[in-house]
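In listed order, ligands and their atoms are each counted from 1. Starting from 1, each residue takes its place in the sequence as its number.
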Amino acid sequence: MSHVRPLIAGNWKMNGLTSDVDAAADLAARLEGRAPASRVALCPPATLLMEMSRRLAGRGLEIGAQDCRAESAGAFTGDLSAEMLVDAGARLVILGHSERRTYHGETDADVAAKVAAALRAGLEPIVCVGEDEAQRDAGRAVEIVTGQVRGSLPATLAGRAFCVAYEPVWAIGSGRTPTVDQISEVHQAIRRDLVELFGDDGRYPPILYGGSVKPQNAREVFSADEVGGALVGGASLSARDFAAIIQSF
Ligand code: PGA
């Protein structure tokens with residue numbers, strides 16, 4: 001079952017012009033011939049989906065988007081549907097990233113509706129959850145993440161290919177990472193939630209860690225319990241750094 005393989009995905013966020021697709025081709029070249037310990041995906045801005053999927057077709061890199069709207073079509077100026085992302089070459093989509101939750105006010109219910117839309121269109125969702133610093137300091141990390149997992153994952157995910165990404169908000173772009181024990185604690189809790197929600201099917205979806213993953217800390221992050229890959233922001237913009245992270249798995 002392809003969806004049980006670990007996944008290392010790069011989230012380019014709002015970075016990248018057509019000329020930067022060369023960096024993706026460079027990454028594909030660096031990974032050529034390596035033993036496939038994980039799947040590898042790049043999630044560029046939507047403007048690069050077509051060019052990237054055209055240039056990288058058949059070269060071992062999967063292409064994902066960073067968000068979609070829950071509706072398939074209609075009067076939603078500026079938004080993109082899951083069907084449009086598939087049409088542009090995406091096979092995965094990041095949903096519920098903390099930057100979407102913060103800057104666009106996305107709730108768990110919004111994220112669940114988007115996940116359902118992604119599944120309808122045939123996209124594999126990467127659903128993001130994670131506590132902020134105040135919640136971590138108050139000892140509420142597991143409680144917050146469990147609430148987000150339960151609220152953001154619709155029942156229609158049962159038996160479908162998807163990933164959950166644990167991204168503590170305070171670790172994103174900050175250079176700070178949780179300890180291995182802290183990562184293990186939350187990932188184990190997410191696994192328990194998935195099994196409660198989806199029964200046996202909940203044992204398989206990869207749980208990615210995200211938040212300041214770099215070549216220097218990747219091996220340590222990957223040693224934590226129930227870490228089935230990573231969602232990498234800043235370091236995925238450099239083909240050399242991202243390849244080093246992938247090779248650490
Ligand atoms: P970062 O971002 O690796 O730059 O911390 C991770 C993410 O937001 O997905």
Side-chain angles (χ1 to χ4, degrees), residues 6-16 20 23-24 27 38-46 48-49 52 61-68 90 92-106 111 114-115 118 123-133 135-136 141 144-145 148-149 152 162-180 182-183 186-187 190 205-222 224 227-249:
L7 173 70
I8 301 185
N11 174 11
W12 277 17
K13 308 192 180 186
M14 198 176 76
N15 296 289
D20 297 303
L27 177 68
S38 70
R39 300 161 61 199
V40 178
L42 274 179
C43 304
L48 295 183
L49 286 171
M52 213 181 252
L61 281 180
E62 297 176 58
I63 306 299
Q66 301 174 10
D67 178 48
C68 72
L92 303 112
V93 62
I94 299 169
L95 293 172
H97 189 282
S98 67
E99 286 151 17
R100 301 286 318 171
R101 293 178 186 261
T102 302
Y103 303 133
H104 298 269
E106 289 186 9
V111 177
K114 290 176 180 217
V115 172
L123 285 172
E124 177 177 341
I126 302 171
V127 186
C128 302
V129 296
E131 82 286 0
D132 65 24
E133 188 159 27
Q135 291 162 337
R136 160 71 55 185
I144 295 294
V145 166
Q148 290 174 336
V149 166
S152 307
F162 71 99
C163 303
V164 175
Y166 169 54
E167 300 204 302
V169 177
W170 52 273
I172 293 176
S174 66
R176 295 166 58 202
T177 43
T179 64
V180 171
Q182 287 171 327
I183 297 174
V186 179
H187 279 235
I190 294 172
I207 304 172
L208 318 184
Y209 169 78
S212 296
V213 178
K214 310 272 181 245
Q216 297 79 3
N217 62 17
R219 212 169 283 281
E220 206 181 346
V221 164
F222 294 144
V227 172
L231 184 55
V232 182
S236 73
L237 296 170
S238 151
R240 195 182 60 177
D241 286 358
F242 194 38
I245 291 169
I246 292 159
Q247 275 143 9
S248 305
F249 192 83

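Side-chain contact of Glu131 with Trp170: a donor-acceptor pair under 3.5 Å is present, judged by distance alone.
Protein residues having a heavy atom under 4.0 Å from any atom of ligand 1 are Asn11, Lys13, His97, Glu167, Ala171, Ile172, Gly173, Gly211, Ser212, Leu231, Val232, Gly233, Gly234, listed by chain and number.
Of the possible polar contacts, one joining the Ser212 side chain to the Ala171 backbone as a donor-acceptor pair under 3.5 Å is found. Proximity of a side-chain donor or acceptor of Gln148 to a complementary backbone N or O of Gly130 within less than 3.5 Å is detected.
Below 30°, between 30° and 60°, or above 60°: for Phe222 and Phe249 the angle between ring planes is above 60°, a perpendicular geometry.
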For this session: Step by step, work out the side-chain hydrogen bond (donor to acceptor under 3.5 Å, both in side chains) result for Glu167 and His97.
Result: CA-CA 8 Å; Glu167 300 204 302; His97 189 282; 3.2 Å; yes
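Across all non-hydrogen atoms, the minimal contact from Ile126 to Ala165 is CG2-CB, 4.0 Å.
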